[in-house]
S.K.: 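Please see the structure below; I have some questions.
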Number of protein chains: 4
Amino acid sequence: MGKREDKIHQTRSRLLSIADRMIAEHGYEEVSVDQIVAACGIAKGTFYNYYESKAALITALSQQHFRQVTDITDTYASKAPVEAMGQYLTEYMQVIKDAGIGLARQWVRYISSAAGNTGKWDQDVSNITSLLEKLIASGSLKKATPVQELAELSMTQLYGAVLTWTILGENFQPVKNIQHVCRDFLPSVLEPYVVAPPYVKAFKSHSCS
Amino acid sequence: MGKREDKIHQTRSRLLSIADRMIAEHGYEEVSVDQIVAACGIAKGTFYNYYESKAALITALSQQHFRQVTDITDTYASKAPVEAMGQYLTEYMQVIKDAGIGLARQWVRYISSAAGNTGKWDQDVSNITSLLEKLIASGSLKKATPVQELAELSMTQLYGAVLTWTILGENFQPVKNIQHVCRDFLPSVLEPYVVAPPYVKAFKSHSCS
Amino acid sequence: MGKREDKIHQTRSRLLSIADRMIAEHGYEEVSVDQIVAACGIAKGTFYNYYESKAALITALSQQHFRQVTDITDTYASKAPVEAMGQYLTEYMQVIKDAGIGLARQWVRYISSAAGNTGKWDQDVSNITSLLEKLIASGSLKKATPVQELAELSMTQLYGAVLTWTILGENFQPVKNIQHVCRDFLPSVLEPYVVAPPYVKAFKSHSCS
Amino acid sequence: MGKREDKIHQTRSRLLSIADRMIAEHGYEEVSVDQIVAACGIAKGTFYNYYESKAALITALSQQHFRQVTDITDTYASKAPVEAMGQYLTEYMQVIKDAGIGLARQWVRYISSAAGNTGKWDQDVSNITSLLEKLIASGSLKKATPVQELAELSMTQLYGAVLTWTILGENFQPVKNIQHVCRDFLPSVLEPYVVAPPYVKAFKSHSCS
DNA sequence: AATGAATGAGAGTTCATTCAT
DNA sequence: TATGAATGAACTCTCATTCAT
């Protein structure tokens with residue numbers, strides 16, 4: 001019947017989602033195993049059947065969350081550069097915000113502490129690079145676009161917004177911040193590399209000759 | 001005679017600065033009251049004569065950081081906007097880099113770890129805001145310049161670069177990164193708000209033909 | 001068909017011998033039911049089908065050790081008492097020494113750690129008792145010999161040498177120690193009970209003049 | 001007034017003696033910190049103000065107990081050799097027995113496990129050596145007495161009795177055992193080295209000439 | 001004002017045992 | 001009979017806080 005398997009899966013799910021919510025809300029250090037198992041309605045020992053330590057849980061949670069933003073750049077490649085970049089970055093930040101400030105703080109601690117957690121950054125930069133290259137391939141960005149530099153600029157800006165969020169908490173709206181940045185400054189930044197659509201081209205070519 | 005008051009003030013001071021250093025080095029949760037009083041050479045009970053709780057000490061610490069105002073923006077106010085901003089941000093990053101990546105990592109842990117350490121950010125933004133306002137006052141930036149937004153943009157970018165540095169270590173040059181960003185993208189960002197000086201105007205109008 | 005019974009018996013056996021080895025190596029408290037069943041390749045619940053508790057297993061183990069009777073005293077019964085005892089004890093110690101000091105240490109921990117591991121001692125004493133009785137039966141020891149006392153004396157001396165070895169390590173030669181004890185003191189100890197053979201008697205009476 | 005010091009000393013005493021009794025009765029592993037502090041009427045944290053770990057307590061206990069048998073050999077030097085040795089060994093064993101079988105087991109585990117706990121053995125042997133030398137100096141033992149060998153023989157016998165006690169528990173009387181050994185076998189062992197008192201000398205010298 | 005022993009709730013973790021499947 | 005997830009009491013140890021001195 002699979003009754004048992006069902007129950008196991010259910011317990012695992014509940015554990016993950018409840019712990020996720022609690023840690024996102026209150027932060028890793030503030031949430032105890034006691035609180036988690038109480039909220040889950042399971043025994044303390046059961047927790048350790050699923051995760052060998054409290055630290056193992058947060059690792060699993062982080063991996064679950066930040067795997068979401070991968071290979072979704074295709075969706076944006078057909079749009080205009082400013083929109084594509086803006087929407088990608090906004091969506092990315094939305095995922096992080098949804099994970100909760102607690103997890104974000106945990107994530108910052110995790111990746112900034114010590115050695116060799118460069119994978120996440122590399123992949124993030126690589127994703128934007130890939131998006132920019134698709135925009136070049138589709139003809140909306142010039143071939144001379146400094147892809148790597150722009151990708152790194154975007155990511156440091158985004159990481160900076162995350163860090164700022166973990167500092168300011170409710171006094172900082174990470175998604176809105178990214179939206180405003182993309183609206184107000186991204187056009188200027190991308191402008192030199194954008195292949196202007198016909199009418200703009202015409203206007204531009206006339207404005208200065 | 002203020003002798004006693006002096007001693008009290010001294011102890012309070014020592015307590016604050018030692019706790020500051022310890023927390024910056026090891027993180028709030030990792031530093032115990034025991035360790036702090038041991039480092040201070042006072043008894044545990046004495047600690048509670050000065051601060052009613054460990055949390056109260058942290059609050060006092062934040063306030064102290066708030067007060068560390070070093071107004072160095074005057075130096076840059078007379079330059080052209082792009083140069084002024086670029087040099088200020090570069091110098092800022094240089095100071096952080098000189099402190100070492102270890103301290104940077106601790107700083108990231110410290111400010112991102114809940115508990116309202118917003119003072120540093122506020123001060124940083126306020127400093128840039130002040131610089132921008134001076135540039136407006138000196139006539140090199142338009143009055144309509146979105147001061148607050150530009151200040152936050154700069155700081156998230158800078159914080160992002162710091163965070164990236166703590167992640168990538170030697171594979172990332174924080175100062176060079178800021179320099180490149182200022183050279184390659186800052187002009188585009190500021191361009192709409194810059195009051196072009198006569199000779200540049202002339203040069204620009206001729207440059208496009 | 002005893003197929004099922006065979007399997008059951010096999011499992012019970014495996015459980016016993018594996019647990020024996022593990023406990024001898026790491027000590028009772030340090031070995032968990034989890035480790036035992038893992039080593040046996042059975043489920044935790046299965047363990048409780050064979051033994052109603054961990055303590056019950058230990059009891060069974062003790063009983064098993066009790067049964068390990070190897071009657072090797074016959075070999076020595078035909079010799080003179082001092083030689084018979086000396087060779088038996090020396091050979092015994094040689095076996096222990098060959099097993100290595102590590103195993104000796106574990107053995108000391110094992111038998112000394114509460115929980116009624118008296119079987120080994122009983123067997124050891126019983127073996128020497130049996131040897132002494134054979135020596136009496138063969139006429140080389142007097143019937144009034146305090147068999148039990150001598151047996152216990154020998155074994156405490158031997159156990160003491162083992163314990164001393166585990167303490168001093170390379171600075172103590174357990175076999176040589178036993179040999180010296182048997183050469184230098186055993187004659188005096190046994191002397192009152194030895195039925196002197198004719199030629200020795202003669203020699204002795206002449207030796208003193 | 002010293003009220004506080006008194007209380008501290010009292011607490012320390014209670015802790016030590018109660019823990020001593022509990023461990024002697026039930027064994028180290030079977031007694032929990034919870035039980036000790038409950039029996040002492042103190043808080044759990046207080047325990048850790050006195051000892052930094054449960055293991056540190058047992059170390060302190062062992063040291064307290066086994067320090068007792070030191071430099072008391074003077075008392076026995078004036079007696080006849082068999083009596084001197086017998087009383088010393090008996091008294092030694094009495095101290096150990098009074099410490100309780102739990103502590104004895106703990107002691108056996110401690111000294112037999114791993115490296116470098118040779119100090120206790122060295123001192124014990126040295127004590128008996130010193131006693132024997134005093135007996136030689138007082139003229140009751142021959143100068144040719146194998147001091148070192150006799151000392152080691154005595155200690156292995158005594159250690160063996162301790163080990164046997166930890167194995168057999170209530171089925172073995174360590175003090176009585178040592179007493180019997182000293183009564184029944186020690187005379188034979190020492191006989192070759194004893195300087196016979198006058199009348200015995202006379203008898204002996206006549207018996208064989 | 002300074003002390004530091006006492007506190008006790010609470011932390012993370014272990015493990016012998018149970019029981020529905 | 002075999003399974004292994006679930007249990008929960010018990011474990012050692014921590015630490016912010018209190019209070020008599």
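All values below come from the heavy atoms of this structure, side chains included, with hydrogens, waters and symmetry mates left out. Numbers restart at 1 for each chain; the letters A, B, ... are given by sequence-line order, proteins then strands.
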S.K.: Would you say E/dT3 has OP1 or OP2 under 4.0 Å from some side-chain N or O of B/Thr46?
M.R.: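 So the side chain of B/Thr46 is within the cut-off, an N or O lying under 4.0 Å from OP1 or OP2 of E/dT3.
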S.K.: Let me know the distance between CG of A/Asn49 and P of F/dT7, rounded to the nearest Å.
M.R.: 9 Å
S.K.: With a cut-off of less than 4.0 Å, is there a side-chain N or O of D/Ser32 near OP1 or OP2 of F/dC11?
M.R.: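 Checking F/dC11 against D/Ser32, a side-chain N or O does come within under 4.0 Å of OP1 or OP2.
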S.K.: How many Å lie between CG on A/Asp34 and C1' on F/dA10, as a whole number?
M.R.: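 One finds 13 Å between C1' of F/dA10 and CG of A/Asp34, rounded.
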S.K.: Quickly work out the A/Gln35 CD to E/dA9 C1' distance and round it to whole Å.
M.R.: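 Spelled out: CD on A/Gln35 to C1' on E/dA9 is 13 Å.
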S.K.: Please state how far atom CD in A/Gln10 lies from atom C1' in F/dA6, giving the value in whole angstrom units.
M.R.: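 Atom CD in A/Gln10 sits about 14 Å away from atom C1' in F/dA6.
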S.K.: Does B/Gln35 have more than 12 heavy atoms from other residues, nucleotides or ligands lying within 6.0 Å of its CD?
M.R.: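 Enclosed.
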S.K.: Nearest to the side chain of C/Val33 - E/dT17, F/dT17, F/dT12?
M.R.: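 The answer is E/dT17, which lies nearest to the side chain.
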S.K.: Between C/Thr46 (side chain only) and C/Ile42 (backbone N and O only), is there a donor and an acceptor less than 3.5 Å apart?
M.R.: no
S.K.: Grab the CZ-P distance between C/Phe47 and E/dT18 for me, whole Å please.
M.R.: 12 Å
S.K.: Please check the phosphate of E/dA16 (OP1 and OP2 only) for any side-chain N or O of C/Lys54 closer than 4.0 Å.
M.R.: yes
S.K.: Expressed in angstrom and rounded to an integer, what is the separation of A/Tyr51 atom OH from F/dA6 atom C1'?
M.R.: 16 Å
S.K.: Nearest of F/dA6, F/dG4, E/dA2 to any side-chain atom of C/Ala43?
M.R.: F/dG4
S.K.: My validator wants the stems of DNA chain E: runs of 3 or more consecutive Watson-Crick or G-U pairs, both distances under 3.5 Å, written as range with range.
M.R.: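 E:2-21 with F:2-21 - these are the stems of 3 or more pairs that involve DNA chain E.
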S.K.: Between D/Lys97 and D/Val162 (side chain of the first, backbone of the second, donor and acceptor by atom type, cut-off under 3.5 Å), is there such a pair?
M.R.: no
S.K.: Applying side chain to side chain donor-acceptor pair (under 3.5 Å), can you list everything that pairs with D/Asp98, at least two apart in sequence or on another chain?
M.R.: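 With neighbours one apart ignored, the set is D/Gln94.
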S.K.: D/Lys44 has a side chain; which of F/dT12, F/dA9, F/dA16 sits nearest to it?
M.R.: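 It is F/dT12.
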S.K.: Ignoring the backbone of D/Ile8, work out which of E/dA5, E/dG10, E/dT17 is nearest its side chain.
M.R.: E/dA5
S.K.: Please list, chain by chain and in numerical order, all residues satisfying side-chain contact (heavy atoms from CB on, under 4.5 Å) with C/Asp34, sequence neighbours excluded.
M.R.: C/Ser32, C/Lys44
S.K.: Counting only side-chain heavy atoms from C-beta out, which of E/dA6, F/dA6, F/dT17 sits nearest to D/Thr11?
M.R.: E/dA6
S.K.: Choosing from F/dA2, E/dT7, F/dA6, which nucleotide comes nearest the side chain of A/Tyr50?
M.R.: F/dA6
S.K.: How close or far is atom C1' of F/dC19 from atom OH of B/Tyr48, stated in whole angstroms?
M.R.: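 In whole Å, F/dC19 C1' and B/Tyr48 OH are 13 Å from each other.
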